[in-house]
2 protein chains.
Amino acid sequence: MLVTGTGETVPAIRPDYPEPLWIQAVNLIRGEIDSGVLKPGMRLPPERELCTQLNISRVTLRKALGKLVDDRVLSSSHGRGWYVSSASVGKEWPNSLESFSETAARMALTASSTVLRAQSAPATLDEAEELSIAPGTPLFHLERIRRLNDVPIAIDATRLPLSLAPDLVDTDFSEASLYERLAAAGVQPARADAIIEARGADAAIAKALGVEVAAPVLMMRQLVLDADDRPLFVSSITYAGDRYRLRTYFSRSRS
Amino acid sequence: MLVTGTGETVPAIRPDYPEPLWIQAVNLIRGEIDSGVLKPGMRLPPERELCTQLNISRVTLRKALGKLVDDRVLSSSHGRGWYVSSASVGKEWPNSLESFSETAARMALTASSTVLRAQSAPATLDEAEELSIAPGTPLFHLERIRRLNDVPIAIDATRLPLSLAPDLVDTDFSEASLYERLAAAGVQPARADAIIEARGADAAIAKALGVEVAAPVLMMRQLVLDADDRPLFVSSITYAGDRYRLRTYFSRSRS
DNA sequence: AAGTGGTCTAGACCACCCC
DNA sequence: GGGTGGTCTAGACCACTTA
């Protein structure tokens, strides 16, 4: 609808907000791309025209376009216009701190878990330092075998202060999503520092994942932080080498 | 100057731009933090007050603040104010991966290379598609064993269109840095898509790295892009599993 | 109720690209 | 020169926090 611009379609943006206008604009443009109306490489209508079509101001539109640049969906060229990014990758990964369940959903697979451990224990000195808490603080240990369509993919060992969400001890994590439960408790992960390495599987890992001992596994240790860079929890995920790939993207400092 | 706000200091922002006002504001606030005038955890003056101090509009100020949020320098809290992020680490990366040379520098080790291959060959169909070029276009193949203090750490296989920097064929890469040469030729990498996986070493890799066959290795394949998302080159790096860790950080999509 | 960030607008001028 | 993105402004109203 954006590209044809016959001029008479209903704007589809409601000023009496359920959501901010610029987010509605983001979703609307994303929709045009996902539905194939806007194809990779195509030029968008000029900003001023989009403004009248969407019935929003140029500042608001540009906030939406900026978000889509961050997500690598669009790019701009000064005197020329806005273009849909050619990368076929573009639609998949905004920039992932994606939970296992979210990944599964995106790939249209069924995620399930076997809980190996789900109990509270006092924080050791090392754990306390890593999480900026007092030693002895109750720490919830959650260890799960993560499966996609029942195939074991990874072992996830997460440790987090019980104070973040005290009801975790009563949760059945063979079905529940940790990130969902945390969200319900008002915990909002924003970033994670990660260290990634390749190792050979030891006996315990080999058994849990159903691979040979010494088979290559990918191990990622994460420290997850909130928007103010306060540590939330640590997580150590071991992936069967031949069953998973991490995807990410890097960028150099923007001006 | 920002925090004391006696009201009589010169704005230090010049409207007759060498740089956009919002970038000047970013640098000015960064400076206050780096110089210790603003310390981690401190609250900034209200936006409207900063506007009059810096003599810029609120929209412009907020663009600067938004950039500083991206860089993890500041964070906001709705009815409360703007705060300097606590993490001292955060100054560098927007979203980055530590490069081989950077790792060497951090560990105070010496980086060196053995060139396995440095020659031009016509692009295959697959390569052409990946790089959005015509099949048969001359492609420069650079394969190196990367060492730290003479210990082999990784094999780096990079393929790039010779047109990017024709003098690459005459360069001695046992010493030279590829990124430096590209920068000299005006090539500016902006982002990279990466896929990371764990594998077992095959015979060639095992020999080059001096590890057992089937030993775990970390393989990272990158597609490096410029600011407009045009593909520049592809790079495939295989690390000996017990000799290297990748460090990165993720962030969750901002709303 | 006062203070503060979050969103939004209408209009202006500049810099770049292409004809 | 005409079209397009990039920057900037002054002012308005809303939502959240704190007292």
Side-chain angles (χ1 to χ4, degrees), chain A residues 2-3 5 11 13-29 41-70 73-85 186 188 190 227-228 254-255, chain B residues 2-3 5 11 13-29 42-70 73-85 227-230 254-255:
Chain A
L2 261 43
V3 292
I13 287 198
R14 321 181 352 143
D16 51 339
Y17 84 69
E19 282 180 323
L21 300 188
W22 69 269
I23 291 186
Q24 296 183 48
V26 165
N27 293 334
L28 203 153
I29 296 172
M42 279 181 64
R43 209 195 76 171
L44 271 66
E47 295 183 358
R48 290 156 180 85
E49 190 175 317
L50 282 172
C51 290
T52 64
Q53 281 187 34
L54 302 179
N55 198 28
I56 58 179
S57 74
R58 191 153 162 241
V59 178
T60 303
L61 173 67
R62 284 179 60 80
K63 175 145 188 170
L65 295 173
K67 167 65 174 163
L68 290 167
V69 169
D70 279 356
V73 173
L74 297 179
S75 62
S76 66
S77 188
H78 200 149
R80 305 199 300 132
W82 287 91
Y83 294 83
V84 180
S85 290
Q188 298 187 320
D228 297 326
R254 284 166 307 195
S255 54
Chain B
L2 262 42
V3 292
I13 288 198
R14 320 179 356 141
D16 52 339
Y17 88 67
E19 283 180 324
L21 300 188
W22 69 269
I23 292 185
Q24 295 183 49
V26 165
N27 294 333
L28 202 153
I29 296 172
M42 278 181 66
R43 209 195 77 173
L44 271 66
E47 293 182 358
R48 290 155 179 87
E49 190 175 316
L50 282 172
C51 289
T52 64
Q53 281 187 36
L54 302 180
N55 198 28
I56 59 179
S57 75
R58 195 157 158 238
V59 179
T60 304
L61 173 66
R62 282 179 60 79
K63 175 145 189 170
L65 295 173
K67 167 64 174 164
L68 290 166
V69 169
D70 279 358
V73 173
L74 296 180
S75 63
S76 67
S77 186
H78 201 146
R80 306 200 301 130
W82 287 89
Y83 294 84
V84 180
S85 290
D228 296 326
D229 283 323
R230 283 186 297 252
R254 286 163 312 193
S255 56

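Side chains are part of it too, since the values below use all heavy atoms of this structure and drop only hydrogens, waters and symmetry mates. Within every chain, numbering begins at 1; the chains are lettered A, B, ... in the order of the sequence lines, protein sequences first and strands thereafter. Predicted model only: the values in this text are computed from it and were never measured.
OP1 or OP2 of dG6(D) has at least one side-chain nitrogen or oxygen of S76(A) nearer than 4.0 Å. At least one side-chain nitrogen or oxygen of W22(B) sits closer than 4.0 Å to the OP1 or OP2 atom of dT7(D). T60(B) has no side-chain polar atom (N or O) that falls below the 4.0 Å cut-off from OP1 or OP2 of dT7(D). Applying the 4.0 Å criterion to OP1 and OP2 of dT9(D), one finds that R58(B) has every side-chain N and O outside that range.
Distances were taken from every side-chain heavy atom of L21(B) (C-beta onward) to each of dG5(C), dC8(D), dT18(D); the shortest belongs to dC8(D). Comparing dT9(C), dT7(D), dA15(C) against the side chain of H78(A) picks out dA15(C) as the nearest. Distance from the side chain of W82(B) is smallest to dG5(C) among dT4(D), dT4(C), dG5(C).
In this structure, the side chains of K63(A) and K67(A) stay at 4.5 Å or more apart for every pair of heavy atoms. L65(A) places a side-chain heavy atom less than 4.5 Å from the side chain of E47(A). The shortest side-chain heavy-atom distance between N27(A) and I23(A) falls under the 4.5 Å cut-off.
As a whole-Å value, the separation of E47(B) CD from dT7(C) P is 11 Å. Separating the CG atom of L65(A) from the C1' atom of dC8(C) is a distance of 15 Å, rounded to the nearest angstrom. L68(A) has its CG atom 14 Å from the P atom of dG5(D), to the nearest Å. As a whole-Å value, the separation of R80(A) CZ from dG6(D) P is 12 Å. Rounding to whole angstrom units, NZ of residue K63(A) and P of dG6(C) are separated by 8 Å. If you take CG of L61(A) and P of dT7(D), they are 15 Å apart, rounded to a whole angstrom. The CG atom of L54(A) sits 16 Å away from the C1' atom of dT7(C) (whole-angstrom rounding). Atom pair E19(A):CD and dC8(C):P shows a separation of 10 Å (rounding to whole Å applied).
For the atom pair CH2 of W82(A) and OG of S76(A), the computed distance is 4.0 Å after rounding to the nearest 0.5 Å. To the nearest 0.5 Å, the span separating OG1 on T60(A) from CG on L50(A) amounts to 13.0 Å. Between the CD1 atom in I29(A) and the CG atom in L61(A) there is a gap of 6.0 Å [rounded to 0.5 Å].
Recorded end-axis angle for the helix from dA1(C)-dT18(D) to dC18(C)-dG1(D) stands at 10°, based on five pairs per end and rounded to 10 degrees.
Judged by atom type and distance alone, R48(B) reaches the base of dG5(C) through a side-chain donor-acceptor pair under 3.5 Å.
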